[in-house]
Amino acid sequence: MTQVENKPATTNDTPFVPIEKIVALCKRRGFVYPNSEIYGGVSGIYDFGPLGVELRNNIRRYWWWSMVQLHDNVVGIEGAIITHPRVWEASGHVENFVDRLVDCKNCKRRFRIDHLPEENVIQNKCPECSGELTEPRTFNLLMETYLGVVEGERMKTYLRGEACQNIYLDFDNVVKSSRVQVPFGICQIGKAFRNEVTPGNFLFRQREFEQWDLQFFVHPSEMQQWFDYWKEKRFEWYKGLINHKDRLHFREHGKDELAHYAKQAFDIEYQTILGWQEWEGIHWRQDWDLSRHSLYSGQDLSYTDPNTKERYIPWIVETSGGVDRTFLNLLIDAYEEEPDPAGKEARTVLRLHPAIAPVKVAVLPLQRNKEELLTTAKDIHKRLQRLMVCQYDEVQNIGRRYRRQDEIGTPYCVTIDFQTLDDQTVTVRERDHMTQVRVAIDELPMYLLERVTWR
Ligand code: GAP
């Protein structure tokens, strides 16, 4: 991705943003709404509004572009949310995808046992009120659903608990139908569903969310080299998108916290007011998935090297991240309230990377009462909206309109003023430093495209 032309005027010691501010902005400006709000909402499920869907699409497209389009040895698929139920037995989720929970008998709060401080577990004591805890109970996170309409003949299956399973199911089809050879990868972006017992922190832990996965298939002898390669590549990818570079790090999983399929795992974590939290996992899945699906389906999922004729089960490097966590972290990372030097209202600005920003440019006639300004502005807006998401706004004074755009992260505002009518140039105002330059109308599309697209 191209670097932001003007480095954001943000520093690493900027205070952490309270999540409530992000939630309020998201609702106020149409990024995210609580799902089924008029019925009281559903915990851990959200809808995305007009700006949210643009931001999400940009995030998804950027991931796809970097992972699939720019790699000759990576292809994409889009698998279904519902699969054969045996998939989840083979994957180990029916048996292992569980949370162990305890309730406080006094304050009635519920805790995941693996989230409790060790001393509370040993003493069986609530971390909030010191009340006695119940015996641990086990909950499976898979969401059940049923196929068929006739009672008694319906088949129980699951909404996928992790999106990546389709990739293993389609592995053999991809090998046979495209020209890929190990080492190669398959990517997918798709919804996943988990009956999280403790959903919360806005988009951070939801029950319906979206994941992006790369499953990279390698010869066992090359596993370490590819694991290191993707680990670094993904870290740099996230780093390129954020302003607070020092709020990103790796954390290696301890042996006791490894998922049932992982032999080794690193989380890329981002630091917010909630502390360090997982953003993406890099997992050494080895031959777990293809071996298990071979065993459970009875189909041989091994691979024959076309050159050496060696037959083996490829090992897998997985990079698995969340679209929603990316959405949330990027908003948190970009959000800033800047004091107004004139001592009036603080300026709220989203310093999103221009290529990710939901609206790329706003076209603003300086005054509303001059017909020629409006006609020229509308004409420019029509030309630009064919190329990028562009808003036209003539309501309120120019300062207020700039503020409205800053708050949603629009990197450029184009103002049509009286000089425009004389010399066919416009003012282009940049979001982060509020600098202004004059650009000829004919050169405007290229001027903006160069700054708001990834290349
Ligand atoms: N296939 C491996 C896998 O699913 P995971 O660590 O459970 O691994 C991968 O999930 C990513 O999916 C996480 O790093 C996170 O970004 C996202 N994710 C997981 N659970 C989530 C939830 N309940 N809500 C939102 N995002 C979630």
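If you read the sequence from its start, that first residue is 1, and numbering goes on from there. Quick caveat: nothing in here was measured; it's all calculated off a predicted structure. Each ligand, and each atom within it, is numbered from 1 in the order the structure gives.
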Restricting to heavy atoms, the pick from Gln165, Gln206, Glu280, Arg160 nearest atom 22 (C) of ligand 1 would be Gln206
Protein contact of atom 25 (C) of ligand 1 - nearest heavy atom, named by residue and atom, plus distance: Phe204 O, 3.2 Å
Between Arg207 and ligand 1, which part of the residue brings a heavy atom under 4.0 Å of the ligand: side chain, backbone, both or neither? neither
Select one of side chain, backbone, both or neither to describe which atoms of Tyr261 lie under 4.0 Å from any atom of ligand 1, heavy atoms only. side chain
the protein heavy atom lying closest to atom 17 (C) of ligand 1 turns out to be Gly322 CA, 3.9 Å
Given that the side chain starts at C-beta and the backbone is N, CA, C, O, which of these parts of Ser320 lies under 4.0 Å from ligand 1, counting heavy atoms, or is it both or neither? both
Please state which part of Glu196 comes within less than 4.0 Å of ligand 1, counting heavy atoms only: side chain, backbone, both or neither. side chain
In ligand 1, which numbered atoms sit nearer than 4.0 Å to a non-hydrogen atom of Arg205? 22 (C), 23 (N), 24 (N)
Can you confirm if the NZ or CZ of Arg234 lies within 45° of the ring axis of Trp237 and under 6.0 Å from the centre of its six-membered ring? yes
Which atoms of ligand 1 have any heavy atom of Cys164 under 4.0 Å away? 1 (N)
Is the charged tip of Arg451 near the ring of Tyr447: under 6.0 Å from the six-membered ring centre and within 45° of its axis? yes
Considering all heavy atoms of both residues, which atom of His93 and which atom of Asn140 are nearest to each other, and what is their separation? O-ND2, 3.3 Å
Is the shortest distance from a heavy atom of Arg285 to ligand 1 less than 4.0 Å? yes
Among protein heavy atoms, which sits nearest to atom 10 (O) of ligand 1, and what does the distance come to when rounded to 0.1 Å? Gln211 NE2, 3.2 Å
Distance under 6.0 Å and angle within 45° of the ring axis: does Arg160 meet both against Phe193? no
Do Arg86's NZ or CZ and the ring of Tyr296 fall within the cation-pi criteria of under 6.0 Å and 45°? no
Which of the listed options, Phe97, Phe209, Phe193, holds the heavy atom that is closest to atom 18 (N) of ligand 1? Phe209
Enumerate the atoms of ligand 1 whose separation from the nearest heavy atom of Glu318 is less than 4.0 angstrom. 1 (N), 2 (C)
Out of Glu162, Arg194, Glu278, indicate the one that has the non-hydrogen atom closest to atom 20 (N) of ligand 1. Arg194
Could you check whether Asp406 pairs with Arg431 (Lys NZ or Arg NE/NH1/NH2 to Asp/Glu carboxylate O, under 4.0 Å)? no
